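Keep in mind it's a predicted model, so treat the numbers as computed, not measured. So that the names make sense, note that chain A is the first sequence line, chain B the second, and so on, each numbered from 1. Both backbone and side-chain heavy atoms feed into the values below; hydrogens, waters and symmetry mates do not.
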2 protein chains.
Amino acid sequence: MGTMKRRSVPTSEELAIWRAHIETFEIVRARIEARLHQDSQLSSGDYRVLLALSEADGKSMRSSELAAHIQWERSRLSGQLGRMERRGLLRREPCAEDARGANVVLTDEGARAFRASTLPHLRAVKEVFVDAFAPEQLAQLGEATGAMRSHLNLDARP
Amino acid sequence: MGTMKRRSVPTSEELAIWRAHIETFEIVRARIEARLHQDSQLSSGDYRVLLALSEADGKSMRSSELAAHIQWERSRLSGQLGRMERRGLLRREPCAEDARGANVVLTDEGARAFRASTLPHLRAVKEVFVDAFAPEQLAQLGEATGAMRSHLNLDARP
DNA sequence: TCAATGTGATTGACACGTGAATCATGCGGC
DNA sequence: GCCGCATGATTCACGTGTCAATCACATTGA
């Protein structure tokens, strides 16, 4: 049997697919974020935080719990919360059980803003992302995503 | 025939595919960029600019020409060039034909840095992206990307 | 008790992105 | 020539991301 040498670099076709993929879906993300911003004055970060808080018991969470839940750096969350607090979307209050910690609480205004943003946002996802594909193709895309996740060993147990 | 009402929002499966896709490939991008940075001390922005300049006639380009080529906002490019110039990767010199313009010139150091970065970068693309998929699957991903590009009307002639 | 260490959270320095404003130069028509 | 507008490029203010440093409080063990 001949010696097999595995290519260590992509073929030009593979490289083209990589570049097209990353560039294209960067644009998709930007478009959907732009719609969110126009429709609801929310950034994707805002939305992510509001989504998590909306689903939380008592519409509130410990800051570090929130960071873990959405898988953000703590300092990133800190800045985000600061901006959102300035805009009145949430409140941070000292934590009774642990004086170091902070409870992040969704305000009524934050809840309202999130509620109002949901439908337009989902519509944007449908129009910009989902509608680009035939059903079969979307399923394949889901499978490819799954293959990537297992390649990267995401979804690994804690 | 019954009245057909087209869903205006994604099904939960479609939404899950969207979220998984965007999250997963965000991580892919971050990993490949991290490798580039570790291997070569270059950001993806640096790489993009160096790639364009390397391919340019005379290793130099007018600033606006460069911006158009890589499809960047002019102000974004301005900042990027400033940082890269400070690091000695390129030079900006006044333009003879048009005193408003600037010529961006790749320095020897910039050329060297780019050359050294190429192979490790391609390896990273292969290992992190390409190797995640079966060949058939990668082709499907390419087709899905194409579908998205035509959905967004990218690739439209100027 | 209290020093050592761990943990929750913020801060600071910087890289990077966008859009609006600015500034200088080119250029067409009078 | 020169006024007005177009164009090349940078600057500014701000949002957003990272990492390292910091600070306050908690916990633990001699």
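Of the residues in residues 54-64 of chain A, those lying under 4.0 Å from DNA chain C by heavy-atom distance are A/Arg62, A/Ser63, A/Ser64. At a non-hydrogen distance threshold of 4.0 Å, nothing from residues 19-45 of chain A comes into contact with DNA chain C.
Across the protein-nucleic acid pair, B/Gln71 atom CD and C/dG17 atom P stand 15 Å apart, rounded to whole Å. The CG atom of A/Leu66 sits 11 Å away from the P atom of C/dT10 (whole-angstrom rounding). Whole-Å rounding puts the B/Trp72 CH2 to C/dG17 C1' distance at 10 Å. For B/Gln80 and C/dG17, the CD to P distance is 6 Å, given to the nearest whole Å. Separating the CZ atom of A/Arg76 from the C1' atom of C/dG8 is a distance of 19 Å, rounded to the nearest angstrom. Rounded to whole angstrom, the span from the CG atom of A/Asn103 across to the P atom of C/dT10 amounts to 11 Å. Residue B/Tyr47 contributes atom OH, which lies 17 Å from atom P of C/dC16 at whole-angstrom precision. Atom pair A/Leu90:CG and C/dA9:P shows a separation of 14 Å (rounding to whole Å applied).
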For residues 122-135 of chain A, please give each side-chain donor-acceptor pair under 3.5 Å, one per line with the distance, not counting sequence neighbours.
unit_1	atom_1	unit_2	atom_2	d
A/Lys126	NZ	A/Asp131	OD1	2.7
A/Glu127	OE1	A/Arg35	NH1	3.1
A/Glu127	OE1	A/Arg35	NH2	3.0

Counting only pairs under 3.5 Å, give me each side-chain donor-acceptor contact of residues 77-85 of chain B, with atom names and distances, residues two or more places apart or in other chains.
unit_1	atom_1	unit_2	atom_2	d
B/Gln80	OE1	B/Arg83	NH2	3.0
B/Gln80	NE2	B/Asp46	OD1	2.5
B/Glu85	OE1	B/Arg92	NE	3.2
B/Glu85	OE1	B/Arg92	NH2	3.2
B/Glu85	OE2	B/Arg92	N	2.9

Name the atoms and distances for all side-chain donor-acceptor pairs under 3.5 Å in residues 107-114 of chain B, with sequence neighbours left out.
unit_1	atom_1	unit_2	atom_2	d
B/Thr107	OG1	B/Gly88	O	2.7
B/Thr107	OG1	B/Leu89	O	3.0
B/Thr107	OG1	B/Gly110	N	3.0

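Legend: ring pair (Phe, Tyr, Trp, His ring centres under 6.0 Å) pairs involving residues 61-113 of chain B, not counting sequence neighbours: none detected. Among residues at least two apart or in separate chains, there is no side-chain hydrogen bond (donor to acceptor under 3.5 Å, both in side chains) pair with a member in residues 52-61 of chain B.
Residues passing the salt bridge (charged side-chain N to carboxylate O under 4.0 Å, His left out) test with B/Glu14: none are found, sequence neighbours excluded. In terms of the side chain to side chain contact (heavy atoms under 4.5 Å, CB included) criterion, residue partners of A/Arg100 (sequence neighbours excluded) are, by chain and number, A/Asp98. B/Arg29 meets the side-chain hydrogen bond (donor to acceptor under 3.5 Å, both in side chains) test with B/Glu26, B/Glu33; sequence neighbours excluded.
At distances below 3.5 Å, not a single donor-acceptor pair connects side-chain atoms of B/Ser40 with backbone N or O atoms of B/His37. B/Thr24 contributes no side-chain N or O that, together with a main-chain N or O of B/His21, makes up a donor-acceptor pair within less than 3.5 Å.
The shortest side-chain heavy-atom distance between A/Arg62 and A/Cys95 falls under the 4.5 Å cut-off. In this structure the side chain of A/Arg149 reaches within 4.5 angstrom of the side chain of B/Glu23, judged on heavy atoms. Here the side chains of B/Ile32 and B/Leu36 are not in contact, with every heavy-atom distance at 4.5 Å or above.
In this structure, A/Glu73 and B/Ala102 both approach DNA chain D, and ranking their closest nucleotides by distance from the 5' end singles out B/Ala102.
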Taking only nitrogen or oxygen atoms into account, show me every contact under 3.5 Å that the protein makes with nucleotides 20-26 of chain C, one pair per line with its distance.
unit_1	atom_1	unit_2	atom_2	d
C/dT25	O2	B/Arg100	NH1	3.3
C/dG26	OP1	B/Ala99	N	3.1

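Among the atoms of the strands shown, only primed sugar atoms or phosphate atoms (P, OP1, OP2) are found under 4.0 Å from some heavy atom of A/Gly101. Nucleic acid contact class of A/Arg87 (heavy atoms, under 4.0 Å, all strands): none.
A pairwise comparison of heavy atoms in B/Leu66 and B/Ala52 identifies CD1-CB, 3.6 Å as the closest pair.
A close approach under 4.0 Å does occur between a side-chain nitrogen or oxygen of B/Arg83 and OP1 or OP2 of C/dC16.
You can see that DNA chain D meets the heavy atoms of chain B within a 4.0 Å-exclusive cut from D/dA6 to D/dT11, reading 5' to 3'.
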